[in-house]
Amino acid sequence: MFYDFKNIEKKWQKRWQDEKAFCAEQKSDKEKFFALIEFPYPSGAGLHIGHPRPYTALDIVSRKKRMEGKNVLFPIGWDAFGLPTENYAIKNHIHPRQVTENNVARFKEQLQSIGLGFDWDREINTTDPNYYKWTQWIFLKMFEKGLAYKTTMPVNWCTSCKCVLANEEVVNGVCERCGSEVVRREKSQWMLKITAYAQRLIDDLDTVDFLPRVKTQQINWIGRSEGAEVDFTTTEGETLTVYTTRPDTLFGVTYMVMSPEHPYIEKWADKISNIESVRAYRQEAARKSDFERTELQKDKTGVKLDGVCAINPVNGTQIPIFVSDYVLMSYGTGAIMAVPGHDTRDWEFAKKFDLPIIEVVAGGDIEKEAFTDCETGIMVNSGFLTGLSVEDAKVAIKKWLEENGKGHTKVNYKLRDWVFSRQRYWGEPIPLVYCEKCGWVPVPESELPLRLPEIDSYEPTDNGESPLSKCTDWINTTCPHCGAPAKRETDTMPQWAGSSWYFLRYIDPTNNDALTSKEAIDYWMPVDWYNGGMEHTTLHLLYSRFWHKFLYDIGVVPMSEPYAKRTSHGMILGENGEKMSKSRGNVINPDDIINEYGADTLRLYEMFIGDFEKAAPWSASAIKGCKRFLDRIAAMSDNIKPGKEYSAANESAMHKTIKKVTQDIEGMKFNTAIAAMMALINQFDKNGVNEAEFKTLITLLNPFAPHLTEELNEKMGDRNLLAKTQWPVYDEAKTVESTIEIAVQVNGKLKGVVAVAADASEDDIKATAQADEAVAAALQGMNIVKVIVIRGKIVNFVVKPQ
RNA sequence: GCCGGUGUGGCGGAAUAGGCAGACGCAAGGGACUUAAAAUCCCUCGGUGGCAACACCGUACCGGUUCGACCCCGGUCACCGGCACCA
């Protein structure tokens, strides 16, 4: 058969659509399987060659589960709010809604041309008011529970684009898009209190099946540390509280440092005799961008506070206080106790300012460098702690602090609250109204969705306010609470909002009364298998776990984790091994590949390209091997022998291959599953192939190359969809050949291979091995000290010269 | 600096409850078919030595455990990803 992939693919894509072959049953007695991929952002560039890799992988899993009799949900939608669309709209004077519509149409066509078995009846779009109604609803619930709050904080401001940037849009201190300088500006922002969930976000990782590296990355990002808060008093009678993870080193404190932004500086202004130079330092620190602050980390700067000293609570020693920008206001208390003997940063600062360095844990050389790796050491120079191990000292000092009212144990997290507002047009409006009398008042639920107003110009404003601030008709409203004139919030939500709960909409996409029905949640949730990029581990994945826990707390969902299993795919790189990009000129367009080789070859190659979890370079020649494989199968279909049972020659290979492919799909080892099928047709070339064998082959291959295999199935006379056939089963007993080959070693070196019956006894194996000519030669003149026989694998003779 | 990951032929990659290293594919070389080319089919394909049977070496590097190590343990180096003055 000539493999006319263009017509074959069109034909079957149409039939799948007509028959709704991949639409999930909303209610069913069957066991459910919910497979999820990260829904794409429909960019103007169209589908990237990297998109099909994770999509095909979960399509394969879904198709197999469906063939195993599960009710499978494999949905798709569009994460369509966002900056690139808005910028494109501004540049080309097309409304973002229109841009989104165009891009979605293109993406949809491209995805369908790959033959991905999505349930298109449940397509969702985060920019659809019927969708973002519920995004707004969840936000209001958070506001109601005190998890959404407004506060003034520094944001990234691009001096050229005149707009606020998200942290991820700032690369090496400059604007990702225009390369201009990014400065800090104080702005009032809506925040979500994700920090309230920090501990649960760590603890509940124990209950889910995520890749270990995903868990580790989230745990590191949340950054839990255990320590103590210690109260120091000043000579003026004030209290200065610090956070430390090493309270055991309290006797080694030789000075203290406050962050330049610490409020006590102004509070103590009249006691600080050099307040002007302190203020000058603070101003200089504020001017520095984050980039500069970290770039200059080798060179510590600071100013000593004159006129104020601290007193060490454990020994009454007077110690100086400094202001330095190496201490951050946003972590701990914004002030530290400095132990230069056992902290690298404090050591550098002490050397620069010629401050004393005291050793309190023995074992290092504090003249040369700070001794930080000292968790197993013994305390010295430490009063009542001297002689204790570090571990015991920690316990003792915490007890002492609490008994003397000088401090208490404390847990801190690096995780910060989520900056949730954007001064941008193309996002969900924040459904809040500001009333002079009542403050921030939520828009009543009955008025949701609060629609994004139609406006003509969405350019960012000079003053950093949202483009919506120009839309006076929309802004001016009445207070839902007291009826007085009031103004709407003009900021919109970030792109991460709509994607934080989208999987819940798939299971009941048209519900108007709730974000999703209780029955749907009970049947479909949690997501059984979620695959996505590692780059989302500490963003989307963490955000959506947080939102889900919140929904759990208010009783919307009955489980606290949304995803039972999380895996991650590697990137597809350019042929030169570098990341694909226009500027590198190494971009591969999926449309071109489909045109030249067909969708089945593209799918197969992206699965064969290498370990699914690792990055892999594209190869224009290697893909030909996958096309050749499909060509050979198409040609083979003309030479099938009759036969309802597997032939004796192929039987064990059939069972082995079924087992291998079945297990490899579950283990995401798609590359070796394909290799096994390639090996099988190599055997068919030698032994011939009958109907039963060919049918099994195309059934196993169907999830990988669905179009060609449907065509071949039809050619064999089956009018039903192969996609609805039962997945082949294997018989473990038949995967074993009657005769097996055993390697024979002498002193660990391979001397020969012998064939023995699968059920041969150890003595038989030993005898057969010894009878082998090469082995016998190697044993000549030797004393056999020991014989190791591993049945089914190896025989090793341990010998010594006679 | 810290955390995580990875080092295997010319290339992508197989093989881990420790048991024949290099499956499968690409590229390359040789041959068949063809007027010719493409496609297809057959053979070779880690290195060194040898006409050959065969021998020795070989999974980043050094060392250890073991009858046996790509796999386990200790140390070193390189590359990739993430975080980064988090006290």
Side-chain angles (χ1 to χ4, degrees), chain A residues 211-221 223-225 227 242-247 249 256-257 259 290 293-298 300 324-328 330-339 342-346 348-349 372 412-416 534-535 537-538 570-571 573 575 577 604-605 608-611 613-626 628-629 631-632 635 660 669 671-682 685 741-753 774 777 785-799:
Chain A
L211 288 182
R213 61 192 166 124
V214 172
K215 288 189 183 184
T216 313
Q217 209 168 303
Q218 288 206 343
I219 288 167
N220 289 346
W221 180 261
R224 179 194 156 101
S225 72
V242 299
Y243 173 71
T244 176
T245 53
R246 297 297 306 275
T249 61
M256 298 183 78
V257 188
S259 158
D290 274 1
R293 272 202 188 188
T294 53
E295 265 305 276
L296 298 170
Q297 61 175 273
K298 301 151 219 145
K300 296 265 183 297
S324 173
D325 64 4
Y326 85 86
V327 173
L328 309 173
S330 50
Y331 184 77
T333 64
I336 61 154
M337 57 179 231
V339 186
H342 304 279
D343 181 282
T344 310
R345 296 149 303 177
D346 297 346
E348 285 167 3
F349 191 88
T372 55
N412 260 327
Y413 303 91
K414 289 182 196 170
L415 185 70
R416 317 265 172 90
M534 280 305 287
E535 71 275 17
T537 301
T538 53
M571 240 193 297
L573 306 169
E575 289 217 59
L604 203 62
Y605 178 58
F608 189 63
I609 195 166
D611 184 337
E613 293 191 51
K614 291 190 199 129
W618 184 265
S619 164
S621 56
I623 191 173
K624 287 179 190 155
C626 289
R628 236 169 253 161
F629 171 60
D631 282 336
R632 282 175 67 194
K660 179 82 180 146
K669 294 174 173 295
N671 51 342
T672 49
I674 294 166
M677 291 186 277
M678 288 173 166
L680 184 65
I681 72 159
N682 287 344
D685 268 348
E741 293 195 326
I742 296 217
V744 185
Q745 297 178 336
V746 176
N747 280 350
K749 291 210 169 183
L750 184 70
K751 290 295 170 188
V753 176
V785 181
K786 197 172 166 189
V787 184
I788 286 143
V789 181
I790 309 292
R791 292 189 64 188
K793 290 191 170 156
I794 207 157
V795 179
N796 189 13
F797 293 95
V798 185
V799 299

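Sequence lines set the chain letters: A, B, ... in the order given, protein chains first and strands last, and positions in each chain run from 1. Predicted model, so just to flag it, every value in this text is computed and none were measured.
- Counting any heavy atom pair closer than 4.0 Å across all strands shown, A:Gln745 reaches a base atom.
- Take the nearest nucleotide of RNA chain B for A:Glu741 and for A:Arg632: the residue whose nucleotide is more 5' is A:Glu741.
- Nearest-nucleotide mapping onto RNA chain B: of A:Ala615 and A:Ile790, the residue sitting toward the 5' end is A:Ala615.
- When Watson-Crick and G-U wobble pairs are counted only if both distances are under 3.5 Å, B:C2 pairs with B:G82.
- Applying the 4.0 Å criterion to OP1 and OP2 of B:C26, one finds that A:Arg628 has a side-chain N or O inside that range.
- No contact: A:Ser619 has no heavy atom under 4.0 Å from any strand.
- A:Ala622 comes within 4.0 angstrom of sugar-phosphate atoms only, judged by non-hydrogen atoms across all strands, and of no base.
- Ranking B:G68, B:C24, B:C20 by closeness to the A:Val753 side chain, first place goes to B:C20.
- Between B:G12 and B:G74, the two P atoms lie 29 Å apart (nearest whole Å).
- Shown here, B:G9 is classed syn by the O4'-C1'-N9-C4 or O4'-C1'-N1-C2 angle, which is within 90° of 0.
- Here the separation of B:A27 from B:G10, taken at their C1' atoms, is 8 Å to the nearest Å.
- The partner of B:U40, taking Watson-Crick or G-U wobble pairs whose two distances both stay under 3.5 Å, is B:A32.
- Within the 4.0 Å cut-off from OP1 or OP2 of B:G82, not a single side-chain nitrogen or oxygen of A:Thr538 is found.
- Of the listed nucleotides (B:C57, B:A23, B:A14), B:A14 has the atom at the smallest distance from the side chain of A:Asp611.
- When both distances must be under 3.5 Å, the Watson-Crick or G-U wobble mate of B:G25 is B:C11.
- Stacking of A:Lys300 on the aromatic ring of A:Phe349 is not recorded, the 6.0 Å distance cut-off and the 45° axial limit not both being met.
- When distances are taken from the side chain of A:Phe608 to each of B:A23, B:G12, B:C26, the shortest belongs to B:G12.
- Panel note: side chain A:Asp346, backbone A:Val339; a donor-acceptor pair is recorded below 3.5 Å.
- A:Met256 contributes atom CE, which lies 8.5 Å from atom CD1 of A:Ile336 (distance to the nearest 0.5 angstrom).
- Of all nucleotides listed (B:G13, B:A87, B:C83), B:C83 comes nearest to the side chain of A:Trp221.
- Residue A:Lys300 has its side chain nearest to B:C85 when only B:A87, B:C85, B:C83 are considered.
- The closest side-chain heavy-atom distance from A:Phe797 to A:Lys751 is not below 4.5 Å.
- The side chain of A:Asn682 lies closest to B:G25 when the candidates are B:G25, B:G13, B:C85.
- Comparing the same atom, P, in B:C70 and in B:U59 gives a spacing of 7 Å after rounding to whole Å.
- For A:Met534 and B:C3, the CE to P distance is 17 Å, given to the nearest whole Å.
- Regarding contacts with the backbone of B:A14, a side-chain N or O of A:Asn671 is found under 4.0 angstrom from either OP1 or OP2.
- When the C1' atom is used for both B:A21 and B:G9, the distance is 11 Å, rounded to whole Å.
- B:A60 and B:G7 are spaced 6 Å apart, taking the C1' atom of each and rounding to whole Å.
- With respect to the salt-bridge test (charged N to carboxylate O, under 4.0 angstrom), the residues A:Arg632 and A:Asp685 qualify.
- Candidate nucleotides B:C24, B:G19, B:C85 were compared by shortest atom distance to the side chain of A:Ile788, and B:G19 ranks first.
- A donor-acceptor contact under 3.5 Å is not formed by the side chain of A:Asn220 with the base of B:C3.
- Spacing between B:C20 and B:U65 at atom P, rounded to whole Å, works out to 23 Å.
- Residue A:Leu750 has its side chain nearest to B:C20 when only B:C20, B:C24, B:G82 are considered.
- Contact annotation: A:Tyr243 does not reach the phosphate of B:A87 (side-chain N/O to OP1 or OP2, under 4.0 Å).
- A 4.5 Å side-chain heavy-atom check between A:Ile681 and A:Met677 finds every atom pair outside the cut-off.
- Minimum atom distance to the side chain of A:Lys414 is reached by B:A87, of the listed B:C67, B:C20, B:A87.
- For the pair A:Asn747 and A:Val798, the minimum side-chain heavy-atom distance is below 4.5 Å.
- Between B:C62 and B:C57, the distance separating the two P atoms is 14 Å to the nearest Å.
- The nucleotide B:C70 finds no pairing partner, because no Watson-Crick or G-U wobble arrangement with both distances shorter than 3.5 Å includes it.
- Taking the side chain of A:Arg213 as heavy atoms from C-beta on, and the options B:G19, B:G4, B:A14, the nearest nucleotide is B:G4.
- Between B:C24 and B:G19, the two C1' atoms lie 22 Å apart (nearest whole Å).
- Between the A:Tyr605 side chain and the A:Ser619 main chain, a donor and an acceptor come within less than 3.5 Å of each other.
- Across all strands, A:Arg416 comes closer than 4.0 Å to base atoms (heavy-atom distances).
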